[in-house]
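Fair warning: this is a prediction, and the values are worked out from it, not measured in the lab. A note on names: the letters A, B, ... follow the listed sequences, proteins ahead of strands, and every chain is numbered from 1.
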2 protein chains.
Amino acid sequence: MNEPSPQHHTLYERLRERGWRMTAQRRVVAQALAGEHVHMTADEVFRAAQADLPELSLATVYNTLNDLVAMGEVREVAYARGPTRYDPNAVTPHDHLVCVVCGEIRDISTAPGVTLDDDARQGFEVLGAEVVYRGRCPACRAA
Amino acid sequence: MNEPSPQHHTLYERLRERGWRMTAQRRVVAQALAGEHVHMTADEVFRAAQADLPELSLATVYNTLNDLVAMGEVREVAYARGPTRYDPNAVTPHDHLVCVVCGEIRDISTAPGVTLDDDARQGFEVLGAEVVYRGRCPACRAA
DNA sequence: ATATTTGCAAAGTGTTTGCACGTAA
DNA sequence: TTACGTGCAAACACTTTGCAAATAT
């Protein structure tokens, strides 16, 4: 459960390599999260995964997503109101564009040079930084 | 309701100047939000404001906070799980330090030079940017 | 064999809403 | 005077939990 996770593998493969106890439920959840710029809600993951495994329950989706977050394989993105979204691309650092109208979230490459000096840190142990750009997405600008 | 809001006034004064219909409830909510580096939950605002006006209801606190957010006088900060927090210092741009353990949020001055070129913008109309630093706060490091 | 995971349904948070009453302008 | 704000309680959306049955290793 503690081996490294090379980023060129799929989420499913990385989980297998970690020695994570694999079940049909966890497999279909991992497969539902496949893709590079995905930010699904728990319910969207549930629906997609349920297509492969009808007996899957929403509670298990939540359990699995929470485990994946705790493992660092998936990032929670909770910038907009509404349900939490899950970003499976936790390996490659990147920032987000968030639409203030519809909540749409898009990936964007990380802004360079965002670091803090000791003084600014206020005693925090900083584990990561991320830029959130808020604005209106193309669809909402048009509407 | 559309006049500018000089930042050297209190929130309450700015709301009055905007010509916002003022009630005892809105006044005590605005007063509860006074301060420079405050990030209260709706319930914390409710409790604080209720001390001044016992007949205040939580629903009114939510209504008022939502109005203040829509007006741009207060910023919603929903980075950590748990209830939404409200940042009355919407006038001065600043970033946040967020504790991944306890959810504590501290203000930090804005990182310089966080801008996007047209290409990176992906068609978004960018209204603002903010850096979120995630880590462990001093208290949680000690625990 | 056995420690873990699952599904279900119920409970838990946090937030919004509908409507009769109250009140600022 | 009247359009708007308020309190209340019920509804709502999202997430977690307890427990017996199922299952990966």
- Could you give the CZ-to-C1' distance, from R27(A) to dT5(C), as a whole number of Å? 15 Å
- Query: Is there any salt bridge (charged side-chain N to carboxylate O under 4.0 Å, His left out) pair reaching into residues 84-96 of chain A, and which pairs are they, with sequence neighbours excluded?
  - Reply: E44(A)-R85(A)
- Task: Hey, which sits more toward the 5' end of DNA chain C by its nearest nucleotide, R16(B) or A42(B)?
- Result: A42(B)
- For R26(B), enumerate each residue passing the salt bridge (Lys or Arg N to Asp or Glu O under 4.0 Å) test, keeping only those at least two apart in sequence or located in another chain. D67(B)
- Query: Is the distance from OP1 or OP2 of dG7(C) to the nearest side-chain N or O of Q25(A) less than 4.0 Å?
  - Reply: yes
- Please report, rounded to the nearest Å, how far the P atom of dT16(C) is from the CG atom of D43(B). 14 Å
- Query: Whole Å only: how far is the CD atom of E76(A) from the C1' atom of dT16(D)?
  - Reply: 13 Å
- Mind checking salt bridge (Lys or Arg N to Asp or Glu O under 4.0 Å) for R121(B) and listing every partner two or more places apart, or none if nothing turns up? D118(B)
- Please name all residues satisfying side chain to side chain donor-acceptor pair (under 3.5 Å) with E76(A), sequence neighbours left out, ordered by chain then number. none
- Please name all residues satisfying salt bridge (Lys or Arg N to Asp or Glu O under 4.0 Å) with D117(A), sequence neighbours left out, ordered by chain then number. none
- Query: Between R85(A) (CZ) and dC14(D) (C1'), how many Å, whole number?
  - Reply: 13 Å
- Message: Could you check whether any side-chain heavy atom of T41(A) comes within less than 4.5 Å of a side-chain heavy atom of V45(A), counting everything from C-beta outward?
- Response: no
Can you tabulate the close N/O pairs, meaning under 3.5 Å, that link protein atoms to atoms of nucleotides 20-24 of chain C?
unit_1	atom_1	unit_2	atom_2	d
dA24(C)	O3'	M22(B)	O	3.3

- Message: Students often get this wrong, so: under 4.0 angstrom with heavy atoms, is N63(B) touching a base, only sugar-phosphate, or nothing?
- Response: base
- Item | P83(A), nearest nucleotide to its side chain (from dT16(D), dT15(D), dT16(C)) | dT15(D)
- Task: Kindly point out which of dG5(D), dG14(C), dT15(D) is positioned nearest to the side chain of Y62(B)?
- Result: dG14(C)
- Separation of atom CG in L68(B) from atom P in dG5(D), rounded to whole Å: 12 Å
- Task: Mind jotting down which residue pairs meet the side-chain hydrogen bond (donor to acceptor under 3.5 Å, both in side chains) criterion with at least one end in residues 47-58 of chain B? Sequence neighbours excluded, please.
- Result: D43(B)-R47(B), S57(B)-T60(B)
- Just jot down the salt bridge (Lys or Arg N to Asp or Glu O under 4.0 Å) partners of R27(A), sequence neighbours excluded, or say none. none
- Message: Does T84(B) reach a base, just sugar-phosphate, or nothing at all? Heavy atoms under 4.0 Å.
- Response: sugar-phosphate
- Query: Can you check whether M71(A)'s main-chain N or O pairs, donor with acceptor, with R18(A)'s side chain at less than 3.5 Å?
  - Reply: yes
- For the helix from dA1(C)-dT25(D) to dA25(C)-dT1(D), what is the angle between the axes at its two ends, each from 5 pairs, rounded to 10°? 50°
- Can you tell me the distance, in whole Å, between the CZ atom of R26(B) and the P atom of dC4(D)? 11 Å
- Does N66(A) place a side-chain N or O at less than 4.0 Å from the phosphate oxygens OP1/OP2 of dT15(D)? no
- Query: How close or far is atom P of dT17(C) from atom CG of L65(B), stated in whole angstroms?
  - Reply: 15 Å
- Query: For Y79(B), what residues pass the side chain to side chain donor-acceptor pair (under 3.5 Å) criterion, not counting sequence neighbours?
  - Reply: E130(B)
- The correct set of residues in residues 44-61 of chain A placing a heavy atom under 4.0 Å from DNA chain C is E55(A), L56(A), S57(A), A59(A), T60(A)
- Item | CZ (R16(B)) with more than 12 external heavy atoms under 6.0 Å | no
- Could I get the full list of side chain to side chain donor-acceptor pair (under 3.5 Å) partners for D107(B), not counting sequence neighbours? H37(B), H39(B), H94(B), H96(B)
